[in-house]
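Everything below concerns the one structure shown next.
Proteins get letters first, then strands, A, B, ... in listed order; numbering begins at 1 in each.
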Amino acid sequence: MIDINLFRQNPDVIRTALKNRQMDPAVVDRVLALDADRRDLLGRVETLKAERNNVSREIGKSKDAAERQTKIEAMRKVGDEISALDEQVRQVDETLEAELAVIPNIPQEIVPIGKDEHENPVVRVMEGKYKNLDFPAQPHWDLGVKLGILNFEQGVKLSGTRFYVLSGAGARLQRALIAWMLDLHARQGYREQYLPFMVKQEVLFGAGQLPKFRDNLYHDVEEDYWNVPTAEVPLTGLHMGDILEEAALPLRYMAYTPCFRREKMSAGRDVRGIKRGHQFDKVEMYTYCRPEDSMNELNKMLADAEAVCQGLDLTYRVVALCTGDLGFGASITYDLEVWAPGCDEWLEVSSVSNVTDFQSRRANIKYRPADGGKARLLHTLNGSGLALPRTMIAVLENYQQPDGSVVVPPVLRPWMGGIDVIRPE
RNA sequence: GGAGGGAUGGCCGAGCGGCCUAAGGCGCCUGUCUUGAAAACAGGUGUAGGGCAACCUACCGUGGGUUCGAAUCCCACUCCCUCCGCCA
């Protein structure tokens with residue numbers, strides 16, 4: 001959510017931000033009009049409430065029955081006016097909140113201006129040991145099926161399209177990746193969390209998923225349970241409504257969770273393989289920090305995500321998202337893309353963002369400055385470290401050998417129970 | 001799922017429909033005193049919104065209702081505790 005004070009004081013900043021995001025800036029004028037309405041109504045209703053409070057107090061003290069009756073009659077009328085105005089305030093508030101709730105964060109000045117993902121500049125390319133294979137690379141959907149570690153038919157049998165089963169060494173390889181990533185991030189200073197995979201509606205609002213991305217979420221129709229689309233959601237909710245001590249910051253968390261997405265927006269895209277499913281696993285990093293520290297934390301988090309690619313010796317590149325491709329809550333985002341020689345494409349395995357105070361305002365998360373001053377909104381950041389299916393694709397396709405076997409990356413071997421090479425089962 | 005008890009400021013804990021503008025205590029901050037500290041004493045200590053300000057409004061688990069007026073009365077819900085049943 002954007003600070004209403006920014007609309008009042010500098011609406012052009014928001015108009016420009018919306019234009020750069022390829023969105024209509026007309027919403028700014030609607031917000032300003034609603035805000036003016038709201039303040040006008042509040043002024044009137046609060047004056048009436050003050051009057052009623054005073055007179056009601058007099059009624060309590062008065063001994064004169066006739067005078068009491070006169071005042072009670074008068075206040076009954078005032079009460080009706082208050083009810084009517086309160087209802088108007090409620091409606092204006094509701095409309096205003098609805099408008100504000102779907103306005104995205106302001107991109108930072110250093111974010112490149114661009115229309116869509118085709119205009120995202122590549123910041124750097126980091127070549128790992130595995131880049132070019134000197135034989136024709138198989139895509140993972142062939143390689144994995146032949147190895148007997150990946151089964152699409154069973155996924156469809158159980159749950160339908162966009163589901164699959166990992167079997168034997170495949171399942172174990174994913175578990176090894178998860179365990180290794182968690183241990184790596186623990187060494188980098190993040191505290192591991194085990195979280196609910198279903199959360200309440202208000203948590204999704206706080207994280208910026210609702211109301212805008214309702215169509216992408218799975219939820220229980222009988223209870224207020226929503227499956228998390230990313231660990232970012234419960235990691236935001238952890239401190240919803242809290243006032244943290246400045247000394248506790250930065251607070252760095254990480255968590256492994258499954259993620260559930262309906263993928264209504266991408267129907268028909270990436271239907272082959274395990275790149276995009278309704279359920280996938282992810283290790284996520286999340287930081288709460290002081291506003292003045294958030295850009296440093298962004299750089300740290302990006303480096304910490306890159307360390308995963310480096311540990312696996314994968315070739316990857318860092319891409320800066322342009323204004324037209326920036327996510328809803330992000331003020332700046334870097335994507336990590338690893339090279340997958342089998343499907344012959346760069347795969348987005350991580351997205352690292354500084355969300356500034358966009359989520360903390362929605363979720364009411366503050367910190368108390370060490371000097372004891374007023375509580376201030378803090379900044380939050382999130383970054384994948386990494387998304388599992390695409391990391392699995394990259395490992396399988398990069399570590400494949402001409403005979404169709406797959407070498408297990410050395411860093412993962414402690415969890416593989418002696419399997420150094422995955423061969424057909 | 002059934003029966004009962006509870007939810008009040010940072011914490012503990014009072015609170016007959018109207019001096020609740022929430023008692024009292026603890027904690028914290030400031031001041032006096034002191035070489036310094038402790039103690040004692042005095043004052044101050046929530047969040048949000050509106051107003052240039054004085055000030056005003058809202059908030060006693062949540063949401064409704066009754067009333068001129070609700071922490072207080074009524075209804076629904078949520079969460080916590082105790083017991084019973086069921087259960088990985």
Side-chain angles (χ1 to χ4, degrees), chain A residues 1-9 31-101 194-206 210 219-226 234 237-249 251 258 357-378:
Chain A
M1 200 110 81
I2 305 293
D3 189 355
I4 187 69
N5 287 306
L6 187 61
F7 284 85
R8 293 170 187 166
Q9 288 155 15
V31 166
L32 286 172
L34 286 164
D35 182 49
D37 270 5
R38 177 174 174 277
R39 284 197 278 179
D40 174 57
L41 288 167
L42 270 185
R44 288 197 275 154
V45 74
E46 287 184 1
T47 304
L48 289 177
K49 282 182 179 174
E51 184 193 348
R52 183 176 69 180
N53 287 345
N54 282 325
V55 175
S56 289
R57 211 166 290 139
E58 287 168 19
I59 291 170
K61 287 178 195 161
S62 172
K63 299 278 192 291
D64 184 335
E67 184 195 327
R68 286 170 59 114
Q69 203 48 45
T70 309
K71 286 181 172 171
I72 286 175
E73 298 291 340
M75 286 311 102
R76 196 172 289 156
K77 282 204 193 83
V78 170
D80 290 343
E81 286 182 60
I82 289 173
S83 301
L85 284 171
D86 268 343
E87 174 58 20
Q88 287 186 55
V89 170
R90 196 195 61 73
Q91 283 179 16
V92 170
D93 262 339
E94 194 179 73
T95 312
L96 180 58
E97 287 297 310
E99 295 276 18
L100 287 175
Y194 171 78
L195 303 160
F197 304 152
M198 297 188 287
V199 297
K200 301 182 210 174
Q201 189 168 323
E202 60 182 295
V203 178
L204 284 150
F205 179 86
L210 283 176
H219 68 110
D220 188 301
V221 293
E222 292 181 342
E223 317 239 15
D224 185 23
Y225 288 139
W226 298 66
L238 280 180
H239 290 296
M240 203 164 55
D242 287 353
I243 298 176
L244 305 172
E245 292 302 324
E246 181 173 358
L249 303 177
L251 202 50
D357 59 10
F358 190 81
Q359 286 173 328
S360 65
R361 183 171 293 105
R362 293 173 86 102
N364 189 24
I365 309 169
K366 299 183 172 182
Y367 76 99
R368 175 90 53 202
D371 64 15
K374 269 179 79 80
R376 301 167 63 199
L377 292 171
L378 42 70

- Message: Side-chain N or O of Lys374(A) versus OP1/OP2 of rA48(B): is the shortest distance under 4.0 Å?
- Response: yes
- Sorted by chain and residue number, the side-chain hydrogen bond (donor to acceptor under 3.5 Å, both in side chains) partners of Glu99(A) (sequence neighbours excluded) come out as Arg30(A)
- Just jot down the side chain to side chain contact (heavy atoms under 4.5 Å, CB included) partners of Arg8(A), sequence neighbours excluded, or say none. Ile4(A), Asn5(A), Asp35(A), Arg39(A)
- Task: Please determine if a side-chain N or O atom of Arg368(A) lies less than 4.0 Å away from the OP1 or OP2 oxygen of rU47(B).
- Result: yes
- Message: Could you work out, with side-chain hydrogen bond (donor to acceptor under 3.5 Å, both in side chains) as the rule, every residue matching Glu202(A), not counting sequence neighbours?
- Response: none
- Query: How long is the span from the CG atom in Asp220(A) to the CH2 atom in Trp226(A), to the nearest 0.5 Å?
  - Reply: 10.5 Å
- Item | Distance between P atoms of rC29(B) and rA22(B) (Å, rounded) | 24 Å
- Roughly how far apart, to the nearest Å, are rC26(B) and rC41(B) at atom P? 10 Å
- Rounding to the closest angstrom, what is the interatomic distance between rA76(B) and rA88(B) at atom P? 34 Å
- Note on the structure: Hits for side chain to side chain contact (heavy atoms under 4.5 Å, CB included) against Ala375(A), two or more places apart or cross-chain, chain-then-number order -> Ile243(A), Lys366(A), Arg368(A)
- Item | Contacts of His239(A) that satisfy ring-ring contact (aromatic ring centres under 6.0 Å, His included) - sequence neighbours left out | Tyr253(A), Tyr288(A)
- Report the base-pairing partner of rC79(B) (Watson-Crick or G-U wobble, both distances below 3.5 angstrom), or none. rG6(B)
- Spacing of the C1' atoms in rC75(B) and rG1(B) (rounded, Å): 23 Å
- Message: If I pick the C1' atom on rG17(B) and the same atom on rG4(B), what distance separates them, to the nearest angstrom?
- Response: 29 Å
- Selection: residues 40-50 of chain A, any non-hydrogen atom under 4.0 Å of RNA chain B: Leu42(A), Glu46(A), Lys49(A), Ala50(A)
- Item | Separation of atom CZ in Arg39(A) from atom C1' in rU57(B), rounded to whole Å | 16 Å
Would you mind writing out the side-chain donor-acceptor pairs for residues 40-48 of chain A within the sub-3.5 Å range, not counting sequence neighbours?
from: Thr47(A); atom 1: OG1; to: Gly43(A); atom 2: O; distance (Å): 2.8

- As its Watson-Crick or G-U partner within any shown strand, both distances under 3.5 Å, rC86(B) has none
- Task: Enumerate the residues from residues 239-249 of chain A whose closest heavy atom to RNA chain B is under 4.0 Å, giving them by residue number; use none for an empty result.
- Result: none
- Partner of rC16(B) by Watson-Crick or G-U wobble geometry, both contacts under 3.5 Å, or none? none
- Ion pair check, Lys71(A) and Asp64(A), cut-off under 4.0 Å: no
- Looking for any heavy atom pair under 4.0 Å, which part of the strands does Arg376(A) touch: base, sugar-phosphate only, or nothing? nothing
- Message: Within the 4.0 Å limit for protein heavy atoms, which parts of nucleotides 64-70 of chain B are touched? Write it as a string from 5' to 3', B for base, S for sugar-phosphate only, - for none.
- Response: ----BS-
- Residue set satisfying side-chain hydrogen bond (donor to acceptor under 3.5 Å, both in side chains) with Arg38(A), at least two apart, ordered chain then number -> Asp93(A)
- Message: Show every salt bridge (Lys or Arg N to Asp or Glu O under 4.0 Å) that has at least one partner inside residues 72-85 of chain A, sequence neighbours left out.
- Response: Glu73(A)-Arg76(A)
- Message: Please enumerate all residues that pass side chain to side chain contact (heavy atoms under 4.5 Å, CB included) together with Ala50(A), with sequence neighbours excluded.
- Response: none
- Item | First of Ala375(A) and Glu51(A) reached from the 5' end of RNA chain B, by closest nucleotide | Ala375(A)
